[in-house]
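Beneath this line is the structure, given in structure tokens, with notes to follow.
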Amino acid sequence: MRHLTSFFVALSLTACASANLNKNKPPQEYETLEITLDRSSCLGTCPEYVVKVSGSGEVSYCGFNYVEEKGLRTKQIAPADIRSLYEQVLGADFFNLEDHYRTNVTDSALYITTVSVDGRTKTIYDYVGRESGMPNSVTEVQDAIDEITGTSAWIGDVPNNHHLGAFEAYIPNCEDEFRPGAKAFRKKIRNMLKLPVE
């Protein structure tokens, strides 16, 4: 009886270990993989845009403010590139990091990185996060997303000098797709402040 109990305990532990290993492996088919980077505006000229890339290499971009290309842009990249990016995500232990890294400052840009795969989604909010203990690997993932998707071609040569007083408020048609709920939230705030509805 004791041997039988030990067998089932060992079997259970092996199953748990296998599950933990599997959740850290890339999916065999990348059909469910999507990686998104959302860079917000700041009190200055920080490029504001969202870029998404799927496991098949489909890239879609929505440019807001302080970018050369505003609105929706799409392209295709090699599937091997997205696989390389996902390996970097796993190497950063992305799914086990904190959800929020925030430093108590104002007027900076917020960077939101989301990885969805096999029914699992992880989002990290980075507001000057490295000063609050965020690993450098998160910034490296953000930069890798930009590099692999080629956002620099759409952003252009916009000076990122945080010039005080700079102001753009362009809202592209792709906002609803790339920032779900943003329009409704903005309307709610305008109503609270009794401002004209857009």
Side-chain angles (χ1 to χ4, degrees), residues 13 15-28 30-55 59-67 77 81-152 155 160 162 175-186 188-189:
L13 290 174
C16 290
S18 298
N20 287 334
L21 284 173
N22 288 337
K23 76 178 183 181
N24 287 323
K25 287 183 179 178
Q28 192 166 3
Y30 278 67
E31 295 172 357
T32 64
L33 178 63
E34 183 174 87
I35 299 176
T36 304
L37 174 64
D38 184 335
R39 295 194 188 269
S40 80
S41 60
C42 64
L43 187 58
T45 57
C46 304
E48 181 185 6
Y49 62 94
V50 186
V51 64
K52 296 193 286 189
V53 60
S54 70
V59 176
S60 52
Y61 156 99
C62 185
F64 287 76
N65 299 292
Y66 302 105
V67 293
I77 63 172
D81 289 337
I82 184 63
R83 285 157 173 69
S84 173
L85 177 59
Y86 186 61
E87 291 292 346
Q88 186 169 346
V89 167
L90 294 179
D93 201 24
F94 190 87
F95 287 94
N96 293 316
L97 297 177
E98 299 292 331
D99 294 336
H100 297 267
Y101 294 93
R102 179 181 176 86
T103 300
N104 192 24
V105 297
T106 59
D107 306 330
S108 292
L110 172 66
Y111 305 148
I112 306 172
T113 310
T114 301
V115 179
S116 297
V117 64
D118 288 347
R120 189 179 184 206
T121 298
K122 171 70 173 184
T123 299
I124 294 180
Y125 295 83
D126 164 18
Y127 188 78
V128 197
R130 282 190 293 181
E131 294 185 19
S132 296
M134 185 184 78
N136 289 339
S137 59
V138 177
T139 301
E140 290 167 0
V141 167
Q142 294 164 352
D143 292 343
I145 295 170
D146 276 325
E147 182 178 351
I148 286 172
T149 59
T151 56
S152 60
I155 296 168
N160 185 7
H162 296 268
E175 179 191 38
D176 283 343
E177 177 188 351
F178 286 77
R179 288 179 174 168
K183 183 181 289 186
F185 178 76
R186 195 165 54 249
K188 180 179 179 181
I189 296 298

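Sequence positions, counted from 1, serve as the residue numbers for this chain.
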Looking only at non-hydrogen atoms, find the nearest pair between [X] and [Y] and report the distance.
X: T103; Y: E131; result: OG1-CB, 3.5 Å
X: V141; Y: A92; result: CG2-CB, 4.1 Å
X: S116; Y: T121; result: OG-OG1, 2.9 Å
X: V67; Y: P47; result: CG1-CB, 3.9 Å
X: F94; Y: T113; result: CZ-O, 3.6 Å

Is a side-chain N or O of Y127 found less than 3.5 angstrom from the main chain of S108, in a donor-acceptor match?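 At least one qualifying donor-acceptor pair exists.
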What distance do [X] atom [atom1] and [Y] atom [atom2] have between them, rounded to the nearest 0.5 Å?
X: D126; Y: R102; atom1: CG; atom2: CZ; answer: 11.0 Å
X: L110; Y: D38; atom1: CG; atom2: CG; answer: 7.5 Å
X: M134; Y: L97; atom1: CE; atom2: CG; answer: 9.5 Å
X: D81; Y: E147; atom1: CG; atom2: CD; answer: 9.5 Å
X: T149; Y: I35; atom1: OG1; atom2: CD1; answer: 10.0 Å
X: I148; Y: R83; atom1: CD1; atom2: CZ; answer: 12.0 Å

Please verify the inter-ring angle class for Y86 with F95; under 30° counts as parallel, over 60° as perpendicular, anything in between as tilted.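 Perpendicular: the ring planes of Y86 and F95 meet at over 60°.
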Counterpart residues, salt bridge (charged side-chain N to carboxylate O under 4.0 Å, His left out), relative to E177 (two or more places apart):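 Expected list: K52.
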Residue list, side chain to side chain donor-acceptor pair (under 3.5 Å) with D146, at least two apart or on another chain: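 Checked D146 against side chain to side chain donor-acceptor pair (under 3.5 Å); matches are R39, Y49, T151.
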Restricting to side chain to side chain donor-acceptor pair (under 3.5 Å), what partner residues turn up for S137, sequence neighbours left out?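 With neighbours one apart ignored, the set is empty.
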Any heavy-atom pair between the side chains of S40 and F64 that's under 4.5 Å?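 With C-beta onward as the side chain, the pair stays apart.
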Kindly check if the number of other-residue, nucleotide or ligand heavy atoms within 6.0 Å of CG (D99) is above 12?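 Atom CG in D99 is packed in, count exceeds 12.
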